[in-house]
Amino acid sequence: MIKENDQIPNGALTSKGDLGIQHYDPREIFAKGRHVLFAVPGAFTPTCSEKHLPGYVENAEALKKAGVQSINCLAVNDAFVMKAWGDSLGIGDQVRLLSDGNGAFSEALGLATETGAFGGIRSKRYAMVIEDGVVEHLFVEDDKQFEVSKAEYVLEKLK
């Protein structure tokens with residue numbers, strides 16, 4: 001599993017924007033500056049939709065004041081599902097929704113989990129702060145927990 005002081009690996013992430021599908025290599029988009037990447041087990045799931053993503057939207061301004069350049073949400077869902085999820089919650093452009101469609105990036109991080117009939121390969125719930133391509137802080141939740149990956153928790157660690 002990736003740990004603090006490790007460099008972010010290469011990967012293939014996507015998002016659906018106004019110009020169609022956009023492709024991102026995490027090593028490139030997180031190469032300069034400070035960024036937050038948090039992952040959810042799935043779009044449209046209760047905790048993810050009611051608490052996790054909305055918490056980052058609500059705290060976006062405070063995170064930016066703490067030096068965060070971008071806030072990014074990852075899930076092992078396709079880019080179209082991620083876009084529909086963001087639209088349904090009205091998140092605007094506060095958080096970039098990244099699709100790890102086949103879970104390969106989550107596996108490269110060592111943060112993938114097999115959920116069986118729930119949805120197959122998914123990401124564990126976590127948050128990380130990345131500075132200049134290196135993991136500065138990593139907060140991985142235990143199964144069925146939602147404490148250390150909350151926006152408020154991350155924000156407190158940045159103060």
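Predicted model, so just to flag it, every value in this text is computed and none were measured.
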Notebook entry, point to check: Is there a donor-acceptor pair closer than 3.5 Å between any side-chain N or O of Thr45 and the backbone N or O of Gly42?
Noted result: yes

Check: Listed by chain and number, what are the side-chain contact (heavy atoms from CB on, under 4.5 Å) partners of Pro9, not counting sequence neighbours?
Finding: Ile2, Phe105, Ala108, Leu109

Next item on the list: For Gln145 and Glu147, indicate whether the former's side chain and the latter's backbone hold a donor-acceptor pair under 3.5 Å.
Entry: no

Margin query: To check you understand the geometry: which heavy-atom pair defines the closest contact between Leu98 and Tyr24, and what is its length?
Written below: CD2-CD1, 3.7 Å

Check: Quick one: ring-ring contact (aromatic ring centres under 6.0 Å, His included) partners of His52, sequence neighbours excluded?
Finding: Phe38, Tyr56, Phe146

Item checked: Asp25 side-chain N/O to Asn10 backbone N/O, donor-acceptor pair under 3.5 Å -> no

Margin query: Do Val129 and Leu74 land in one hydrophobic cluster if side-chain heavy atoms of ILVMFWY residues count as linked below 4.5 Å?
Written below: no

Note to self: When you group the ILVMFWY residues by side-chain heavy-atom contacts below 4.5 Å and let the links chain together, are Val57 and Met82 in the same group?
What the structure shows: yes

Checklist line | Leu37 with Leu138, same ILVMFWY side-chain cluster at under 4.5 Å | finding: yes

Note to self: Looking at every heavy atom in both Met1 and Asp6, which two are closest together, and how far apart are they?
What the structure shows: O-OD2, 4.5 Å

Return all side-chain donor-acceptor pairs below 3.5 angstrom for residues 59-66, not counting sequence neighbours, or 'none' if the list is empty.
unit_1	atom_1	unit_2	atom_2	d
Asn59	ND2	Gly55	O	2.8
Asn59	ND2	Glu152	OE2	3.3

Next item on the list: Spell out, as yes or no, whether a donor-acceptor pair under 3.5 Å connects the side chain of Asn77 to the backbone of Ala43.
Entry: yes

Checklist line | Which atom of Ser49 lies closest to which atom of Pro54, heavy atoms considered | finding: O-CG, 3.1 Å

Checklist line | Same cluster (ILVMFWY, side-chain, under 4.5 Å), Val148 and Met128 | finding: no

Item checked: Test item: Leu158 and His137 side chains (from C-beta on) under 4.5 Å apart, heavy atoms -> yes

Next item on the list: Return the minimal non-hydrogen interatomic distance between Ser123 and Val76, and the atom names on each side.
Entry: N-CG2, 3.7 Å

Check: Do any N or O atoms from the side chain of Arg125 and from the backbone of Val40 form a donor-acceptor pair under 3.5 angstrom?
Finding: no

Notebook entry, point to check: For Arg96, which residues count as a salt bridge (Lys or Arg N to Asp or Glu O under 4.0 Å) partner, sequence neighbours excluded?
Noted result: none

Note to self: For the aromatic rings, using the six-membered ring if either is Trp, is the centroid distance between Tyr153 and Phe139 under 6.0 Å?
What the structure shows: yes

Checklist line | Set of residues satisfying side-chain hydrogen bond (donor to acceptor under 3.5 Å, both in side chains) with respect to Glu141, sequence neighbours excluded | finding: Ser149

Check: How close do Trp85 and Cys73 get, heavy atom to heavy atom, and via which atoms?
Finding: CZ3-SG, 3.9 Å

Notebook entry, point to check: How far does NZ of Lys150 sit from OG1 of Thr47, to the nearest 0.5 angstrom?
Noted result: 10.0 Å

Checklist line | Shared hydrophobic cluster, Leu53 / Val140 (ILVMFWY, side-chain heavy atoms < 4.5 Å) | finding: no

Item checked: Minimal non-hydrogen separation, Ala112 against Glu107, with atom names -> CB-CG, 3.5 Å

Check: Is the closest side-chain heavy-atom distance between Val95 and Asn72 below 4.5 Å?
Finding: no

Note to self: side chain to side chain donor-acceptor pair (under 3.5 Å), that's the test. Do Asp78 and Ser99 meet it? Break it down for me.
What the structure shows: CA-CA 5 Å; Asp78 66 57; Ser99 168; over 6 Å; no

Item checked: Spacing of CD1 belonging to Ile21 relative to OG belonging to Ser15, to within rounding of 0.5 Å -> 7.5 Å

Check: Side chains of Val68 and His35: closer than 4.5 Å at any heavy-atom pair?
Finding: no

Note to self: Per the salt bridge (Lys or Arg N to Asp or Glu O under 4.0 Å) rule, what does the pair list look like for residues 30-50, sequence neighbours excluded?
What the structure shows: Arg34-Glu131, Arg34-Glu136

Notebook entry, point to check: Counting only N and O atoms by type, is there a donor-acceptor contact under 3.5 Å from the side chain of Asp132 to the main-chain atoms of Gly33?
Noted result: yes

Check: Under 4.5 Å between any side-chain heavy atoms of Val134 and Glu4, yes or no?
Finding: no

